[in-house]
Structures are given as structure tokens and as C-alpha cells.
Amino acid sequence: MPVPAEPVKKKSPIKKIVSVLAVIVIAVAVKFGAGAVLGGEDKAAEAKVGDCLASLPEVAEGEEKEAPNAKVVECTSTEAAYNVVGRVENQTQEQAANTTECDQYAAEGEEYSIYYAIPTGGTGYVLCLKPKKA
């Protein structure tokens with residue numbers, strides 16, 4: 001006597017929809033950074049030459065630190081710590097870490113800093129910064 005075939009299990013359309021949504025959320029996180037998906041906001045994203053930034057951590061030469069609270073402020077504000085003297089688009093993390101793009105905005109031996117926002121595996125922007133003079 002032949003063994004009866006197992007009944008075909010119907011896949012739940014809800015599981016399929018949830019799977020598709022999870023893939024979309026992951027794609028958005030990779031493309032725009034996890035902060036965009038989780039409600040965070042890059043408050044320095046619109047910074048342009050002539051703007052000032054605040055809420056950046058102190059860093060030693062060659063050191064990197066995250067700056068989740070960096071933001072554009074009025075240059076007359078007491079919070080203003082850096083002037084944006086250059087902006088470079090479409091940079092990878094490797095390019096930003098090894099950039100010499102900001103050298104053109106500083107005189108020989110002059111101090112400057114680099115701020116960048118680049119999602120893992122993607123491209124983003126680099127801001128060339130000089131300490132704001134009092």
C-alpha cells in the first residue's frame with residue numbers, strides 16, 4: 001500500500017510580509033545609517049562652509065571619537081566650537097580616515113579637524129573644521 005503524501009502546508013502570507021518588511025528596514029539602515037531607521041538624526045548633515053558646529057568631543061591628534069550630538073549652531077553662539085571651512089561629498093570610511101582633502105583649507109602646520117558621517121559600507125560627507133577663534 002502506497003504511503004500517502006503529506007498535506008501541502010500553506011505558507012502564511014503574514015510571515016512573508018513581515019520578512020519583506022525586515023529586509024526593507026535592513027536596507028534602509030545600511031543605506032542611511034541605523035540612526036535614520038531608529039529615529040536618530042544627523043544634526044550636522046546640512047552643515048556648509050561658513051557654518052559653525054558645537055557638541056564635538058575633544059580629541060587628540062590621530063584619535064577618533066563618535067560625536068552623536070554634533071550640531072550646526074550660529075557662529076555667534078557661545079556653543080560654537082568649530083568653523084566649517086570645507087565639505088567633501090561621496091567619501092567612504094576609508095577615504096575619510098586617510099583623507100588629505102582638508103589639507104587645502106589649512107595653512108602649513110595649522111591645526112584642523114575632520115568630522116565625517118558615513119554609513120557602514122556606504123558613502124557620506126566629510127567636514128573640514130578649524131577651531132573657532134574666540
Side-chain angles (χ1 to χ4, degrees):
M1 185 150 126
V3 177
E6 288 189 32
V8 177
K9 293 182 182 177
K10 291 185 179 180
K11 292 185 178 179
S12 167
I14 293 174
K15 282 185 181 179
K16 187 174 183 179
I17 291 170
V18 170
S19 297
V20 170
L21 287 176
V23 170
I24 291 171
V25 169
I26 292 168
V28 170
V30 170
K31 182 164 174 78
F32 300 106
V37 175
L38 302 175
E41 180 182 350
D42 179 3
K43 294 179 181 173
E46 299 301 318
K48 57 191 177 303
V49 173
D51 286 343
C52 289
L53 291 185
S55 302
L56 293 172
E58 293 288 325
V59 292
E61 185 174 338
E63 182 182 26
E64 287 189 23
K65 287 186 181 176
E66 290 190 16
N69 299 319
K71 61 184 177 181
V72 176
V73 295
E74 292 292 326
C75 290
T76 55
S77 168
T78 57
E79 287 184 277
Y82 292 91
N83 291 94
V84 178
V85 295
R87 184 177 175 116
V88 184
E89 299 290 342
N90 302 313
Q91 297 287 290
T92 64
Q93 286 180 335
E94 293 78 25
Q95 289 172 316
N98 299 311
T99 191
T100 56
E101 294 287 334
C102 291
D103 289 351
Q104 63 185 314
Y105 302 106
E108 182 84 23
E110 187 177 33
E111 180 183 347
Y112 70 87
S113 298
I114 297 170
Y115 172 90
Y116 62 88
I118 302 168
T120 304
T123 60
Y125 66 92
V126 174
L127 298 177
C128 307
L129 308 171
K130 286 188 183 177
K132 186 170 179 323
K133 296 178 181 165

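For this chain, numbers begin at 1 and follow the sequence in order.
Linking Ile, Leu, Val, Met, Phe, Trp and Tyr residues whenever their side-chain heavy atoms come within less than 4.5 Å places Ile114 and Ile118 in a single cluster.
Counting non-hydrogen atoms of other residues, nucleotides and ligands closer than 6.0 Å to CD of Glu89 gives a total above 12. Annotation: Lys130, atom NZ; neighbour count of heavy atoms from other residues, nucleotides and ligands within 6.0 Å is above 12. For CD of Glu58, the number of neighbouring non-hydrogen atoms (other residues, nucleotides, ligands) closer than 6.0 Å is 12 at most. Within a 6.0 Å sphere centred on CD of Gln104, other residues, nucleotides and ligands contribute more than 12 heavy atoms.
When all heavy atoms of Cys75 and Ala80 are compared, the pair lying nearest together is O-CB, 3.9 Å. Taking every heavy atom of both residues into account, Thr123 and Thr92 meet most closely at CG2-CG2, 4.0 Å. In this structure, Ala67 and Pro57 approach most closely via the heavy-atom pair CB-CD, 3.6 Å. Summarising the geometry of Val126 relative to Ala96, their closest heavy-atom pair is CG2-CB, 3.8 Å, with the distance given to 0.1 Å.
Atom CD of Glu101 and atom CD of Gln91 lie 5.5 Å apart (nearest 0.5 Å). If you take OH on Tyr112 and CG on Asn83, they are separated by 16.0 Å, rounding to the nearest 0.5 Å. With rounding to the nearest 0.5 angstrom, the CG atom of Asp103 is 11.0 Å from the CD atom of Glu110. A distance of 10.0 Å separates CZ of Arg87 from OH of Tyr115, quoted to the nearest 0.5 Å. From Asp51, atom CG reaches atom CG of Leu127 across 9.0 Å, with rounding to the nearest 0.5 Å. Expressed to the nearest 0.5 Å, how far CD of Glu46 lies from OH of Tyr125 amounts to 8.5 Å.
In this structure, the side chain of Lys65 does not engage the main chain of Val59 through any donor-acceptor pair within 3.5 Å. The backbone N or O of Pro131 sits nowhere less than 3.5 Å from a side-chain atom of Glu111 that would complete a donor-acceptor pair.
Side-chain contact between Val84 and Leu129: present, with at least one pair of heavy atoms (C-beta onward) separated by less than 4.5 Å. Side-chain contact between Gln95 and Tyr116 is absent, with no heavy-atom pair separated by less than 4.5 Å. The shortest side-chain heavy-atom distance between Leu53 and Val72 falls under the 4.5 Å cut-off.
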